[in-house]
Amino acid sequence: MKKLIIAAALVAMTTSATAQTIRMGTEGAYPPYNFINDDGEVDGLERELGDVLCEIAGLDCVWVTNDWDSIIPNLVSGNYDTIIAGMSITDERDEVIDFTQEYVPADPSAYMALAGGDVDVDTGVIAAQTSTIQASYIASSGATVVEFASPDETVAAVRSGEVDAVLADRAFLADIVAESNGELVFIGEVNIGGGVGIGVRESDAELKAALNAAIEVVKADGRLNEMVKRWLDIDANY
Amino acid sequence: MEMCADPSTLDGINWWTCYLTTGKHQAFYASFGTVLLLLAITAPVVMVLGFGGAMARKSKILPLRWFGLAYTNIVRGVPDIIFFLFVPIAMDQGIEYLRHQIKCPDVLEPIRQGNDFVVCSIAKMPLSSSPQWIHEVYGFSLASIAFALVFGAFAANTLYGAMNAVPRAQLETAEAFGMSERQVFWRVQVKQMWLYALPGLSNLWMILIKATPLLFLLGVEDIVYWARELGGSKTSKFTYPHPDWRLYYFAFLMVFYLLMTWASEKVFNRITKRLSHGQATVGAGS
């Protein structure tokens, strides 16, 4: 409870009197983190969480989607103000942008392949999305990496046999495996990367503080744990 | 629609009716309008830039000739994807820089802070608080300008070549009739060059029709973006789960592009016929 009060006080301090419009940038192609639902709206864990954070921080939030490939350049040039797109906090990214504290804990990445195949993940041909921690991991693991622009294409490549397996966040692959009628299976896991945080411009210390404080609130009152469990099936224990 | 409230209970024709009218599909249908609008806006501007570029290259004034030459050669030489990434961002930052200087000169912090491009919030273009459609119109405008610049350079080269293709004898005859240089240019050379320019221009038009997926680089969601987004396999996180249907969506796009090609061919044939009237040159017989 004490944590909650401190967090609430921090929020009050960092929020200016007038509601500021914050443009929330996401990819919209990585369910259940973020996706465009059938109504054409951004949906998923990050939409729900983002809206809650904005409400707590008293910010007026608008959602915009951007290609994963150019998501960081468009943040630093000011087309939107945050990246909330399942982006793992890495040193490499941290040099260019800043991250809030994590809102999804480090979760093992998983390999998924066609059932019945005999795939060696250390020597085979593995698909991953461009500019992800998974892509750089495969490149350093000795396997051959094939990069795709969108997450959906990596899965399609496994189905068509173009690659032996795909490496991605387990939560993204979980539904695909579960609904493939046994066609696709998990064949391994690997621990890479840290938690997932919201990316902000390095010059935007005020926004970072406001979001950090808001994340602190949802962590303390258990809402974040519930959301992460429901959307990603991960026990966060914040 | 009311019956679409619970899609999991639907089947057959009802499922399809609901599926094909979702908000996302409506955005897909609307994006055909976006593409046609882009073509409708860009094509005339391309012609103006092309004509201007060709005239600059023929100009008697040396710097203007240099300018024409630099425009056609540099723009044609730079890969499209780099041009489309660079020009709109440069224009956007240029506009914001100027607005920053005018609207908040008292802000002393530098605009470039490390990797960040930071202008004061009232200098943003468009303002962060502007509704999303303004952001889209702005992005669309930047995209149109970039498209017009690129295709204008190609059109300039085509028109320049066409102007030179008009037989010298025709121009000399006009001069012999006592026409001024200007009259020769406008009444004889320009009138006749279109026939020579047409094959090149029709090529450009066809390429322009199919170049619109570059729009997504600039955040404008075009038909190819939506086809890929809708066709990708959907798990039960979505209201209408389905396997990978990209093939069908792209087949639908193919029909659209073929129809566009077919219609364009008809129009260009018609123009060629019209322009060939009374001409003893190419295209007249065919």
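All chains are named by letter (A, B, ...) in the order of the sequence lines, taking the proteins before the strands, and each is independently numbered beginning at 1. Only a predicted model underlies this, so the values are computations on that prediction, with no experimental measurement involved.
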Shortest non-hydrogen contact from [X] toward [Y]:
X        : Y        : value
A:Val119 : A:Ala113 : CG2-CB, 4.2 Å
A:Leu207 : A:Asp81  : CD2-O, 3.6 Å
A:Ala128 : A:Thr154 : C-CG2, 3.6 Å

Chi angles and distances behind the side-chain contact (heavy atoms from CB on, under 4.5 Å) call for A:Thr82, A:Ile22 | CA-CA 8 Å; A:Thr82 68; A:Ile22 296 298; 4.0 Å; yes
Distance only, no hydrogens: is a donor on one side chain within 3.5 Å (strictly under) of an acceptor on the other, for B:Glu221 and A:Thr65?
->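 Present: a donor and an acceptor within the cut-off.
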Could you tell me whether the side chains of B:Tyr97 and B:Gln93 share a donor-acceptor contact shorter than 3.5 Å?
->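 No pair is found: no donor N or O on one side chain lies under 3.5 Å from an acceptor on the other.
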Best-contacting candidate, A:Ile72, A:Val76, A:Val155, A:Ile97, against chain B by heavy atom pairs under 4.5 angstrom |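 Among A:Ile72, A:Val76, A:Val155, A:Ile97, the one with the most close pairs to chain B is A:Val76.
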Who wins among A:Arg201, A:Arg23, A:Glu153, A:Glu202 for the most heavy-atom pairs under 4.5 Å with chain B?
->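 Looking at each option in turn, the highest pair count goes to A:Arg23.
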Picking from [options], which has the most non-hydrogen pairs under 4.5 angstrom with chain A?
options                               : answer
B:Gln113, B:His135, B:Arg228          : B:His135
B:Phe117, B:Phe238, B:Tyr240          : B:Phe238
B:Thr22, B:Thr235, B:Thr239           : B:Thr235
B:Ser233, B:Pro126, B:Ser130, B:Ala27 : B:Ser233

Please classify the contact between [X] and chain B as side chain, backbone, both or neither, with a heavy-atom cut-off of under 4.5 Å.
X        : answer
A:Val96  : both
A:Glu179 : side chain
A:Ser77  : both
A:Ser180 : neither

Stepwise side-chain contact (heavy atoms from CB on, under 4.5 Å) check, A:Thr132 with A:Trp68 = CA-CA 9 Å; A:Thr132 56; A:Trp68 177 257; 3.7 Å; yes
For this output row, return yes or no: ring centroids of B:Tyr249 and B:Trp226 closer than 6.0 angstrom.
->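 No.
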Hey, which residues of residues 167-178 of chain A are touching chain B, say heavy atoms under 4.5 Å apart?
->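 So the qualifying residues are A:Asp175, A:Ile176.
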Report, by ascending residue number, the residues of residues 30-38 of chain A in heavy-atom contact with chain B at a distance under 4.5 Å; give 'none' if the set is empty.
->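 The stretch touches chain B at A:Pro31, A:Pro32, A:Phe35, A:Ile36, A:Asn37, A:Asp38.
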Aromatic rings B:Trp245 and B:Tyr248: how do their planes relate, parallel, tilted or perpendicular, breaks at 30° and 60°?
->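 Ring orientation of B:Trp245 relative to B:Tyr248: perpendicular.
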Is the B:Trp16 ring parallel, tilted or perpendicular to the B:Tyr19 ring (thresholds 30°, 60°)?
->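 Judged by the thresholds at 30° and 60°, the geometry between B:Trp16 and B:Tyr19 is perpendicular.
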Would B:Asp116 and B:Arg112 pass as an ion pair if we require N to O under 4.0 Å?
->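 No.
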Look at atom CZ of B:Phe256 and say whether more than 12 heavy atoms of other residues, nucleotides or ligands are closer to it than 6.0 Å.
->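 Buried by this count: over 12 neighbours within 6.0 Å.
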Determine whether more than 12 heavy atoms belonging to other residues, nucleotides or ligands lie under 6.0 Å from atom CG of B:Leu259.
->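 Yes - once you tally the heavy atoms of other residues, nucleotides and ligands closer than 6.0 Å, there are more than 12.
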Verify, without hydrogens or angle tests, whether B:Lys234 (side chain) and B:Gly232 (backbone) share a donor-acceptor contact under 3.5 angstrom.
->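 The answer is yes, because a donor-acceptor pair under 3.5 Å joins these two groups.
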Between the side chain of A:Asp39 and the main-chain N/O of A:Glu41, is any donor-acceptor distance below 3.5 Å?
->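 Pair absent, no side-chain N/O of A:Asp39 close to backbone of A:Glu41.
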Against chain A, label B:Phe28 side chain, backbone, both or neither, depending on which of its atoms sit under 4.5 Å from a heavy atom there.
->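 No part of it gets close to chain A.
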